[in-house]
2 protein chains.
Amino acid sequence: MNDSMEHWMEELLRKDDGERMTDKQTRIVRAAIEVFAEKGYSGAATSEIAQRAEVAEGTIFRHYKTKKELLYAIVSPIAARLIEPFVLRDLYPLFDTPHPTFEGFVRAILDNRIAFIESNIKVIRIMLQEVPFHAELRDRFLGVVGQRMLPRIARALEHYRAKGQIEAMPALTTIRLAGSSLFGYLITRFLIAPDDWNDGEEREATLQYMLRGLGYRASETTS
Amino acid sequence: MNDSMEHWMEELLRKDDGERMTDKQTRIVRAAIEVFAEKGYSGAATSEIAQRAEVAEGTIFRHYKTKKELLYAIVSPIAARLIEPFVLRDLYPLFDTPHPTFEGFVRAILDNRIAFIESNIKVIRIMLQEVPFHAELRDRFLGVVGQRMLPRIARALEHYRAKGQIEAMPALTTIRLAGSSLFGYLITRFLIAPDDWNDGEEREATLQYMLRGLGYRASETTS
DNA sequence: TCGAATAGTGAGTGATTACTCACTTCCATT
DNA sequence: AATGGAAGTGAGTAATCACTCACTATTCGA
């Protein structure tokens with residue numbers, strides 16, 4: 001029936017004020033994720049969501065004023081958590097102790113993000129589907145990415161570049177290139193070819209491609 | 001009003017049997033592209049398409065039995081042409097004369113695909129949006145890619161690998177990695193950051209990233 | 001010039017849509 | 001045990017949906 005939403009669910013299933021949701025409320029959210037993922041936002045009928053949640057249709061609108069509010073309630077927390085690790089990781093200095101090499105840095109991010117996306121694939125799919133049609137959603141997401149995530153990654157990159165471990169290149173370009181490779185890996189693995197997939201090999205090949213592409217050299221100067 | 005669909009339009013605007021479309025029919029197709037791109041397939045109302053085409057709603061259903069058939073009529077020819085150049089390019093031998101180096105090969109594909117996608121961005125957006133929801137569409141697309149495009153690229157890659165110009169790696173992995181970079185470039189350029197975009201620099205950086213990532217060496221053996 | 005086929009029309013249809021509201025049920029606090 | 005507020009209900013509603021059909025207008029070969 002369901003699969004991989006267990007851990008984050010517990011955190012998603014609180015209201016903004018921290019109160020726990022009732023049983024029926026969690027069933028509504030679960031059902032909505034299912035139906036949005038299958039049919040898209042416009043194609044999903046609130047009547048079907050209610051049916052799958054085994055709940056009266058009115059119950060949905062008791063908790064969410066509109067269908068769009070239900071969508072946002074599902075997508076927003078995941079969007080935030082897509083970015084969070086970069087923010088957190090920056091709190092204890094990322095620069096020196098944790099990863100002396102750029103390779104270690106990239107490998108850590110890769111593993112971390114793969115794991116997260118792996119267990120949130122459904123909601124992320126909904127997000128990717130709907131972002132083009134909801135200006136508010138897009139602006140909020142791009143805003144957070146642009147203002148919080150990118151600058152921090154840029155700072156980390158500058159560190160490794162200064163150590164001569166990677167080629168000089170505008171930070172945004174570096175992020176775009178490496179991001180595309182990560183993104184392509186995930187899309188292929190989860191959406192295009194979930195079968196016939198040797199994950200160990202593909203992951204390593206992707207990593208090597210990224211490192212070579214960015215001109216990684218083990219080290220020249222020591223910090 | 002409209003912008004970049006001029007050249008392929010002339011070819012799209014024939015029926016399967018080659019007959020030309022009437023004026024109203026072309027207006028329907030144009031309007032449908034607009035509305036599908038803005039609202040998605042489910043979110044698009046046939047009444048709005050008719051309105052924008054300045055046509056009676058019944059006229060749409062005279063030419064297309066259902067709304068879904070209208071979608072397919074728009075998307076199918078573009079899906080085919082996304083792949084076609086690889087097929088054609090292979091007809092006159094790609095291996096020797098045209099591009100002695102792998103770099104030239106990649107650069108040619110890059111330029112070719114960029115130009116095509118640039119002038120078909122709207123329909124491609126529709127395709128990307130709707131493919132997840134229409135199994136028939138997805139299967140047809142993946143079928144053509146898997147059976148016609150991938151084997152031919154794989155053969156070309158084998159050629160350059162044999163000449164020692166690129167690293168040994170499974171062909172599908174190579175294609176995925178290079179494809180991700182191309183895809184990421186296009187997504188960023190057309191969907192995420194159409195402003196603040198130095199195209200010359202970004203295109204060159206992407207190319208270099210791809211070549212380095214695949215372990216490109218100018219040449220070792222001569223053919 | 002005619003006739004028949006094709007293109008185009010728009011009011012009309014039943015189904016479905018998101019959402020409302022008067023109502024009942026549940027439960028924590030007194 | 002009483003009570004007030006929140007949770008839950010489901011029939012009902014106006015709007016919108018994709019699609020039909022009886023009809024008119026246009027085109028074009030004979």
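As the structure is a computational prediction, the values presented were derived from the model and not from experiment. Below, chains carry the letters A, B, ... as their sequence lines are ordered, and counting in each starts from 1.
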Residues touching DNA chain C, which here means a heavy atom under 4.0 Å, drawn from residues 47-59 of chain B:
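Residues of residues 47-59 of chain B under 4.0 Å from DNA chain C: B/Val55, B/Ala56, B/Gly58, B/Thr59.
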Check whether any side-chain N or O of A/Thr22 sits under 4.0 Å from OP1 or OP2 of D/dG8, and answer yes or no.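 The answer is yes; a side-chain N or O of A/Thr22 sits under 4.0 Å from OP1 or OP2.
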task = Report yes or no: does A/Ser76 contribute a side-chain atom to a donor-acceptor pair with the main-chain N or O of A/Ala73 at less than 3.5 Å?
result =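 Here the side-chain-to-backbone pair does not exist.
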| task | When you get a sec, tell me which of D/dT9, C/dT9, D/dA18 is the closest nucleotide to the side chain of A/Lys24? | result |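 Comparing D/dT9, C/dT9, D/dA18 against the side chain of A/Lys24, the answer is D/dT9.
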Nearest-angstrom distance from the residue atom CG of B/Leu71 to C1' of D/dA18
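Result: 15 Å.
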* Over how many whole Å does the gap from A/Tyr64 atom OH to D/dA7 atom C1' extend? ->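 The distance from OH of A/Tyr64 to C1' of D/dA7 comes to 13 Å, rounded to the nearest Å.
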What's the CZ-P distance between A/Phe61 and D/dT13, to the nearest Å?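 In whole Å, D/dT13 P lies 17 Å from A/Phe61 CZ.
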So B/His134 and B/Tyr72, would you call those rings parallel, tilted or perpendicular, with 30° and 60° as cut-offs?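 Perpendicular.
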Fill in: Integer-rounded Å distance: C/dA7 P and B/Arg27 CZ
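Checked: the CZ to P distance equals 16 Å.
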Who pairs with A/Glu69 by side-chain contact (heavy atoms from CB on, under 4.5 Å), at least two apart in sequence or on another chain?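 A/Tyr64, A/Lys65, A/Thr66.
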- Look only at the side chain of B/Arg27 and the backbone of B/Glu54, and say whether a donor-acceptor pair between them is shorter than 3.5 Å.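 Yes, because the side chain of B/Arg27 sits within donor-acceptor range (under 3.5 Å) of the backbone of B/Glu54.
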Item checked: Spacing between A/Asp23 atom CG and C/dC26 atom P, to the nearest angstrom ->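 For the pair A/Asp23 CG and C/dC26 P, the rounded distance is 14 Å.
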TODO: Verify whether one side chain among A/Glu57 and A/Thr46 offers a donor that lies under 3.5 Å from an acceptor in the other.
DONE: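 A donor-acceptor contact under 3.5 Å links the two side chains.
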Nearest-Å distance for atom pair CZ/C1', residues A/Arg62 and D/dG10 =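 Atom CZ in A/Arg62 sits about 12 Å away from atom C1' in D/dG10.
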*Can you tell me how far P of D/dA7 sits from CD1 of A/Ile28, to the nearest Å?*
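So the two atoms are 11 Å apart, to the nearest Å.
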What integer distance in Å separates B/Ile60:CD1 from C/dA7:C1'?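 It is 14 Å, rounded to the nearest whole Å.
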Counting side-chain heavy atoms from CB outward, which of C/dA18, D/dC19, D/dG8 is closest to A/His63?
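Output: D/dG8.
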Taking the six-membered ring for Trp and the single ring otherwise, decide whether the centroids of A/Phe133 and A/Tyr41 are under 6.0 Å apart.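 No, too far apart.
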| If you round to the nearest 0.5 Å, how far is NZ of A/Lys39 from CD of A/Glu48? |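 Separation between the atoms: 3.5 Å.
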